[in-house]
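No hydrogens, no waters, no symmetry mates; every other heavy atom, side chains included, goes into these values.
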2 protein chains.
Amino acid sequence: MGNMTEQAADVLSRHCPSQGVLEMVTGKWSVLVLYALRAGTLRYSELEQAVDGISQKMLTQTLRDLERNGLVARTAYPVVPPRTEYRLTDLGASLEGIVTDLGRWAQNNMGAVLVARQDYDGRRGGQAQAR
Amino acid sequence: MGNMTEQAADVLSRHCPSQGVLEMVTGKWSVLVLYALRAGTLRYSELEQAVDGISQKMLTQTLRDLERNGLVARTAYPVVPPRTEYRLTDLGASLEGIVTDLGRWAQNNMGAVLVARQDYDGRRGGQAQAR
DNA sequence: CCGTATCCGCTGCGATACTG
DNA sequence: CAGTATCGCAGCGGATACGG
């Protein structure tokens with residue numbers, strides 16, 4: 001099955017629900033939380049440490065979002081002090097490979113990207129360049 | 001880049017530049033444009049058609065960003081009417097596999113995600129649910 | 001310990017109009 | 001055809017304070 005010149009029902013199609021699925025990856029923190037959870041089950045506080053720089057608000061919000069999308073399972077133990085654990089669901093685990101590849105790509109190629117940026121900004125002749 | 005006192009010098013570390021690299025993927029349109037450009041060299045108007053629903057502003061902005069990051073090459077031919085072509089650089093092409101996997105994952109699993117959302121929202125007992 | 005609530009600046013993104 | 005300019009707003013995301 002080869003020919004894919006017809007790509008009507010594709011991710012690129014506006015009304016395809018897969019767009020909404022991709023929006024899970026957009027957002028500053030989602031990928032990083034998934035990346036951290038590859039290690040296995042983690043408590044809230046452990047995630048907070050693992051994903052360096054994330055605020056409580058964004059950690060909670062990202063986790064709720066991932067939970068809603070069925071990628072992460074939340075288990076709260078009614079003890080004092082509270083204990084809550086998060087782990088990837090099967091669905092979430094099916095993304096592990098991609099998340100890992102993405103992380104590896106980022107680390108392997110950040111150098112090249114940084115150089116490209118300097119090059120691009122440089123060609124612009126030292127004008128004030130935001131971002 | 002030298003400072004990696006611990007094994008913790010990976011994507012999850014706050015000061016790791018790979019975070020900035022990951023931000024290329026965040027954003028609603030970047031992945032879709034990359035996805036479209038897997039097909040080969042495309043003109044501006046072809047991209048506009050391919051990535052359904054994107055506005056001129058966001059297409060231009062996304063392309064500039066990808067160009068700045070060294071993932072996309074832009075070639076403008078000084079003819080009338082103007083003709084501008086975009087293609088993946090080698091660096092951009094090195095992301096092809098991941099982008100393809102991501103697209104395939106989205107299409108294969110959007111059903112499961114949709115179900116998970118309904119399930120999650122349903123358990124909340126019909127309360128007003130944003131997003 | 002694991003959250004929720006609130007205030008608020010910033011910017012991503014869309015809509016629209018204009019140009020070489 | 002391939003952009004740029006401008007406006008406007010919703011929502012992301014940070015800081016801080018509070019609650020079970």
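- Of the candidates C:dG14, C:dC2, D:dG14, the closest approach to any side-chain atom of A:W29 belongs to D:dG14.
- Closest to the side chain of B:T60, from the set C:dC1, D:dT4, C:dG3, is D:dT4.
- Per the geometry, CG belonging to A:L42 stands 13 Å off P belonging to C:dG3, to the nearest Å.
- The nearest whole Å value for the distance from the NZ atom in B:K57 to the C1' atom in C:dA17 is 13 Å.
- Using modelled atom types, no side-chain atom of B:T41 and backbone atom of B:E85 make a donor-acceptor pair closer than 3.5 Å.
- In this structure, the side chains of B:V72 and B:L88 come closer than 4.5 Å at one or more pairs of heavy atoms.
- Relative to the side chain of A:S55, the nucleotides D:dG14, C:dC2, D:dT4 differ in distance, and D:dG14 lies closest.
- Using a 4.0 Å cut-off, some side-chain N or O of B:R74 falls inside it from OP1 or OP2 of D:dG3.
- With hydrogens and angles ignored, the 3.5 Å screen pairs a side-chain donor or acceptor of B:T89 with a backbone N or O of B:L71.
- Remark on DNA chain D: of its neighbouring residues A:I54 and A:P82, the 5'-side contact belongs to A:I54, judged by nearest-heavy-atom nucleotide.
- The distance from atom CD of B:E23 to atom C1' of C:dG12 is 13 Å, rounded to the nearest whole Å.
- In this structure, A:Y77 reaches neither bases nor backbone, as no heavy-atom distance under 4.0 Å exists between it and the strands shown.
- Two residues are said to be in side-chain contact when any heavy atoms from C-beta on lie closer than 4.5 Å; A:Y35 and B:D10 meet this criterion.
- Taking 3.5 Å as the limit, the base of D:dG13 and the side chain of A:K28 contain no donor-acceptor pair of atoms between them.
- Proximity of A:T84 to the phosphate of C:dG3: a side-chain N or O atom is located under 4.0 Å from OP1 or OP2.
- The nearest whole Å value for the distance from the CD atom in B:Q61 to the P atom in C:dA15 is 15 Å.
- Nucleotide C:dC2 holds its P atom 12 Å from the CZ atom of A:R64, rounded to whole Å.
- For the pair A:Y86 OH and C:dC1 P, the interatomic distance rounds to 15 Å; values are reported in whole Å.
- Minimum heavy-atom separation, B:S94 to A:W105: OG-NE1, 2.9 Å.
- As rounded to whole Å, 12 Å separates atom C1' of C:dG14 from atom CD of B:Q56.
- A straight line from CG of A:L63 to P of C:dC2 spans 11 Å, rounded to a whole angstrom.
- Between A:R43 and C:dC1 there is no side-chain polar atom (N or O) within less than 4.0 angstrom of OP1 or OP2.
- Of the side-chain N and O atoms in B:R83, none sit less than 4.0 angstrom from OP1 or OP2 of D:dG3.
- Residue A:M58 has its side chain nearest to D:dG14 when only D:dG14, C:dC2, C:dG20 are considered.
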